[in-house]
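Starting from 1, each residue takes its place in the sequence as its number.
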Amino acid sequence: MTNSYDLVVIGSGPAGFSSAIRALDYGLNVCIIEGKHLGGAGIMNGALTSKTMYELSMDYAIAARIDRGYRVGSLSVNFEKVKKTVIQAAKEKQYQMLSQIETFSPAQNKKGSLTIEYGWASFKDYDHIEVKGQDETKLIKGKNFVIATGSRPRLYDGIQIDGERIITSDGILNLKEFPERMLIIGSGIIGCEFATIFSNFGQTEVHLLDRSHRVLPYEDNDVSSFVSRNLENNGVNIHHTATLRHIKKHPEHLEVVLDYQDGHSKVIEVDVALVAIGRVPNTEGLNLEKISIELHKNGTIPIKDDCLLRDGKGNCHVYAAGDVTGHSQLYSVAEFQGRLAAEKIGDIPQYPLDYSHMSTLMFFKPEVAAVGANEKMLQQKKIPYKAAYYSNKLVNRAIAMRNTNGFVKILVSNDDEQRILGMRAAGPQASAFIVSVAHLINQGNSLHEVLKIFYPHPSIPEGIQECLRTLSGKSVYKPEAFPDLINIREWTPGNDNEA
């Protein structure tokens, strides 16, 4: 027997689930196929679990502070209980999703329905997929398909993941206790986030392997240096310009050999090695050749601006969204792409997605937020700009919070318009106010327009106001008086000062 649906969504992560729910708005009958965890990496072994663990680690780090006039008499942490709390958070979200699926089940006789099938999907032809579950195999027909199978951790050549002592981010919740010593391989966002988490708890000697001269090499040098310095202040041992030669397993420990750029080598001993070198798309087993789809060399699925796949044969009812498309691997991007695919199927007016002004959060200590261009991007495009840096040490709210470790950095075009091009911010509430700057960038607002806005006092966003004033030479506190806390610079093509 073949079940037939208006839309079949392969994957229940942020791209798949948002696509399915948006399709309900048009009265479509939708089937979600999920091979593993409901919610995908957006819930389990990904965004929600890692950020829950981060929040718990930040709470612990704050409780351990002794510079605020109070001291906790007795402070301890149990990894199993931390892990239980993390899993509870994931299950809470999964049951919210299940509640919605049941609310719109076919049995409820509502306009539009939602069905979930657990198993692994593969295309049979342009209109059918086969779903292999634990107990049976089903054939499902769809008028439209959305491929939203997400991604998984990238493996390190020559290193065998055993899930116990050598793990990826998928294996964090398999640990039985805080490792006494941990090596994190990879100094991008994922690696730095887990370095922050485990150093916050103070139970683990953390080593971070950084192949370049600074962590987050794609960010401007001042931002990378800020993050690196804070990781080291938090107790993380960063091995700059080092590459991993091999890991040798011993019964009680791992022996790691690191080779450095200057020619010397170092042998260290750890208990757990975490591979965090990025993620790769999940496309294996989909049988995309059955629908004449050729992948990019990096394994991602090529899509048009409307997330539609076109195979050159006039078959235009298969879409892709999320990590499998090769765009920035962000929850928000996946969700937007999934919704856009459903809206295309629902045949309503479309708007193109602009990937140039995405907001990004990095869960470090302190948190770092980014939106729009950085200096490296503008220099590569040879766009003249002005940049201002304003420290949170001058922001009254940060002073009152006794939490001044942070900054606001804003880039504007170096012309008469002075349009806001990008911002990087670190410190308390950075994740909350970054979206307001994203709006300003999307609207093409100029520096002069934004300076007309009243900011509440005392508030952390006043740092944005003062940073903008600095760019116009109107700040309350001047760079001449605080050269270590405020600076402004200009760049034009031909300038040798690289970010």
Atom [atom1] in [X], atom [atom2] in [Y]: separation rounded to 0.5 Å?
{"X": "N144", "Y": "K344", "atom1": "CG", "atom2": "NZ", "result": "11.0 Å"}
{"X": "L274", "Y": "L175", "atom1": "CG", "atom2": "CG", "result": "8.5 Å"}
{"X": "R22", "Y": "F17", "atom1": "CZ", "atom2": "CZ", "result": "14.5 Å"}

Between [X] and [Y], does any side-chain N to carboxylate O distance fall below 4.0 Å?
{"X": "R469", "Y": "E466", "result": "yes"}
{"X": "K409", "Y": "D222", "result": "yes"}
{"X": "R424", "Y": "E219", "result": "yes"}
{"X": "K51", "Y": "E193", "result": "yes"}
{"X": "R419", "Y": "E417", "result": "yes"}

Looking only at side chains, do [X] and [Y] share a donor and an acceptor under 3.5 Å apart?
{"X": "E490", "Y": "Y385", "value": "no"}
{"X": "Q88", "Y": "K91", "value": "no"}
{"X": "D259", "Y": "S265", "value": "yes"}

Checklist line | Proximity of F178 and F201 rings by center, below 6.0 Å | finding: yes
Notebook entry, point to check: Which of these passes side chain to side chain contact (heavy atoms under 4.5 Å, CB included) with K365: V227, L231, N234, N233?
Noted result: N234
Distance-only donor-acceptor pairs under 3.5 Å for side chains of residues 434-443, two or more places apart:
from: S436; atom 1: OG; to: F433; atom 2: O; distance (Å): 2.6
from: N442; atom 1: OD1; to: H357; atom 2: ND1; distance (Å): 2.8
from: N442; atom 1: ND2; to: A438; atom 2: O; distance (Å): 3.4

Between [X] and [Y], is there a donor-acceptor pair closer than 3.5 Å when you use the side chain of the first and the backbone of the second?
{"X": "N237", "Y": "V206", "answer": "yes"}
{"X": "K376", "Y": "P217", "answer": "yes"}
{"X": "N374", "Y": "Y218", "answer": "yes"}
{"X": "N396", "Y": "P458", "answer": "no"}

Next item on the list: Might you point out which heavy atoms bring Y156 and V275 nearest each other, and give the distance in Å?
Entry: CB-CG1, 4.0 Å
Check: Taking side chain as C-beta onward, heavy atoms only, is P366 less than 4.5 Å from N230?
Finding: yes
Check: According to the interplanar angle, ranging from 0 to 90°, do the rings of F198 and F194 count as parallel (below 30°), tilted (30 to 60°) or perpendicular (above 60°)?
Finding: tilted
